[in-house]
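A short write-up of the structure that comes next.
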Amino acid sequence: MTTHEPTDITIIGGGPTGLFAQFYAGMRKVTSRIVDALPDLGGQLTALYPEKWIFDVAGFPKILAKDLVRQLAAQAGQFGAKSYLGERVVGLTQENGHFVLTTERQSFPSRSVVIAGGIGAFSPRRLPQACANPWYGRGVHEIVTDPEEFRGRRIVIIGGGDSAFDWAHQLLDRAASVTLVHRSDRFRAHAATVSEVQAAAAAGRAQLLTFHELADITATDDRLSGIVLKDIKGKTTRSIDADAVLPMLGFVSDLGAISEWGLSIVNDEITVTSTMETGRAGIYAAGDITTYAGKLKLIATGFGEAAIAVNQAVHWIYPDKKVNPGHSSNMEIFGQKDD
Ligand SMILES: Cc1cc2nc3c(=O)[nH]c(=O)nc-3n(C[C@H](O)[C@H](O)[C@H](O)COP(=O)(O)OP(=O)(O)OC[C@H]3O[C@@H](n4cnc5c(N)ncnc54)[C@H](O)[C@@H]3O)c2cc1C
């Protein structure tokens, strides 16, 4: 177990809220770190919809989710604070007057904690068929972040929701072939995207197979080379050549250990006060994981809550530092003249 030096604030979650919290900590001249279970920063934006446009982030008439994450990471990273990725926080204790957050491999002492854990640590829902298990990371891709990875390849997408149709649409002009497979003919995706993929299928640019499910995966020289599909109605099977299978079955999320820390939690959300306090002194929360009367689960809301949580934490750790940060436009830390 690697034990790190104490920091002022440990931020659980590197989604938009956690990233903005990290920026604010740096601006307030306190030390911070992000710990996130996912391999990349960005939370839901990176894991669920990197290629979607977002229209309701202040200052950007529209911005791709992945570009917003890049900008947030640049803003957060300017003070040199670190992020620890692929590390799920599983424990919290208090020792020698500070908190200690632990993952399976590392331990992070911290004077204060900001929980920006969104909908909890989430992982893609796996295919129910055991035949897929040996192929995860070797042809079966649970998370897609860069559609270019699939240029010129034969792709099978399994699922009937937004992610399945969004990626089918994204890959139409990149992949050598796109086959979308779904267990029924009812789709849970945006109607416009469904229509575009259906039109592509009608024009021979894609294949849409309803009432089919995965039956087996075939390999050549230990490389995934195709899949066998079962027609649920006709009870027949068919084989399709493929280089990659993308199961798009949604995500399962889990608050996990966070629900055992004595915080005020209702329906997997942390009830916070207007100062983002969680019911346990020194632990604050912000973003999708919080609830209060009038709460909106939006990126914009998370930004405001991150600013409140961090400024409260700063004052809690260092009572002589004010809660009110002042205006960044006057700050010496940005090379401006301090008031
Ligand atoms: C398809 C889709 C489209 C959307 N479009 C918009 C939009 O247009 N505008 C808008 O405002 N909002 C939109 N949203 C909602 C928006 O994405 C969320 O409000 C936002 O992501 C919340 O940010 P967050 O940082 O609070 O949480 P998240 O983005 O969920 O990030 C939380 C992070 O915490 C990590 N984490 C959780 N528990 C642990 C743990 N125990 N240890 C380590 N890490 C942990 C997770 O791995 C995750 O990375 C959309 C959501 C979806 C699914």
Side-chain angles (χ1 to χ4, degrees), residues 10-23 33-69 72-73 76 83-92 101-106 108 113-124 143 145 161-167 188-190 193 248 250-261 263 265 268-270 272 276 283-291 295-307 309-310:
T10 296
I11 301 158
I12 302 176
T17 307
L19 283 167
F20 197 56
Q22 186 168 58
F23 161 74
R33 63 166 77 89
I34 283 174
V35 183
D36 199 303
L38 291 173
D40 298 296
L41 289 169
Q44 294 175 50
L45 286 73
T46 301
L48 303 183
Y49 60 105
E51 299 288 336
K52 270 184 178 288
W53 291 104
I54 301 173
F55 299 87
D56 58 348
V57 171
F60 294 101
K62 68 174 191 175
I63 185 165
L64 281 175
K66 67 177 181 188
D67 291 339
L68 180 61
V69 172
L72 283 165
S83 296
Y84 297 84
L85 301 176
E87 295 284 337
R88 181 183 177 137
V89 176
V90 292
L92 171 83
L101 291 156
T102 48
T103 66
E104 273 165 17
R105 291 172 297 199
Q106 308 191 47
F108 300 97
V113 177
V114 172
I115 305 174
I119 48 178
F122 50 97
S123 44
I143 293 185
T145 46
D162 274 316
S163 302
F165 276 89
D166 282 348
W167 283 118
R188 289 165 281 96
H190 198 267
T193 322
M248 295 286 159
F251 280 72
V252 283
S253 63
D254 179 15
L255 267 200
I258 295 174
S259 57
E260 294 155 17
W261 295 347
L263 313 175
I265 294 182
D268 280 350
E269 293 163 336
I270 303 174
V272 289
M276 298 299 130
I283 303 185
Y284 301 84
D288 270 19
I289 201 162
T290 67
T291 187
K295 168 75 186 185
L296 295 174
K297 290 195 182 195
L298 291 172
I299 296 164
T301 329
F303 289 163
E305 293 167 3
V310 169

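Please read these numbers as outputs of a predicted model, since none were measured by experiment. Residues: numbered from 1 along the sequence shown. Atoms within a ligand are numbered from 1 in the order they appear, just like the ligands themselves. Note: hydrogens, waters and symmetry copies are ignored here, and every other heavy atom, side chains too, is used.
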How far is [atom] from the closest protein heavy atom, and which atom is that?
atom                    : result
atom 14 (N) of ligand 1 : Tyr49 OH, 3.2 Å
atom 27 (O) of ligand 1 : Gly118 CA, 3.2 Å
atom 42 (N) of ligand 1 : Val89 N, 2.8 Å
atom 19 (O) of ligand 1 : Asp288 OD1, 2.9 Å
atom 7 (C) of ligand 1  : Asp56 OD1, 3.6 Å
atom 34 (O) of ligand 1 : Gly13 CA, 3.2 Å
atom 24 (P) of ligand 1 : Thr17 OG1, 3.3 Å
atom 48 (C) of ligand 1 : Asp36 OD2, 3.5 Å

salt_bridge([X], [Y]) N-O dist < 4.0 Å:
X      : Y      : value
Arg88  : Glu104 : no
Glu269 : Lys297 : yes
Asp162 : Arg188 : no

**Asked** So do the side chains of Ser83 and Asp36 get within less than 4.5 Å of each other, counting heavy atoms only?
**Response** no
**Prompt:** Side chain of Thr301, backbone of Leu296: donor and acceptor closer than 3.5 Å?
**Reply:** yes
**Message:** Using only atom types and a distance under 3.5 Å, with no angle test, would you say the side chain of Ser253 pairs donor to acceptor with the backbone of Ile119?
**Reply:** yes
If the cut-off is 4.0 Å to any non-hydrogen atom of [X], which atoms of ligand 1 fall inside it?
X      : value
Gly120 : 37 (C), 38 (N), 46 (C)
Val35  : 43 (C), 44 (N)
Glu87  : 43 (C)
Gly43  : 29 (O), 31 (O), 48 (C), 49 (O)
Gly287 : 26 (O)
Leu48  : 53 (C)
Leu38  : 47 (O), 49 (O)
Ile119 : 30 (O)

Based purely on interatomic distance, does [X] place a nitrogen or oxygen under 3.5 Å from a nitrogen or oxygen of ligand 1?
X      : answer
Ile299 : yes
Ala37  : yes
Ile12  : no
Ala121 : yes
Lys52  : no

Would you kindly specify which portion of [X] sits under 4.0 Å from ligand 1, judged on non-hydrogen atoms: side chain, backbone, both or neither?
X     : value
Gln44 : both
Leu45 : side chain
Pro16 : both

**Prompt:** Looking only at non-hydrogen atoms, which of Gly117, Gly86, Ala285 approaches atom 36 (N) of ligand 1 most closely?
**Reply:** Gly117
Quick check for you: to the nearest 0.5 Å, what is the distance between [X] atom [atom1] and [Y] atom [atom2]?
X      : Y      : atom1 : atom2 : answer
Lys52  : Asp166 : NZ    : CG    : 4.0 Å
Asp268 : Thr291 : CG    : OG1   : 11.5 Å
Ile283 : Trp261 : CD1   : CH2   : 7.0 Å
Lys295 : Ile289 : NZ    : CD1   : 10.0 Å

**Prompt:** Checking side chain to side chain contact (heavy atoms under 4.5 Å, CB included) against Pro16, which of Leu45, Thr46, Leu68 comes through?
**Reply:** Leu45
**Request:** Check whether any heavy atom of Gly302 sits under 4.0 Å from an atom of ligand 1.
**Result:** no
**Request:** Give a yes/no verdict on whether any heavy atom in Gly256 is under 4.0 Å from an atom of ligand 1.
**Result:** no
**Item:** Sub-6.0 Å ring centroid separation between Phe108 and Tyr84
**Value:** yes
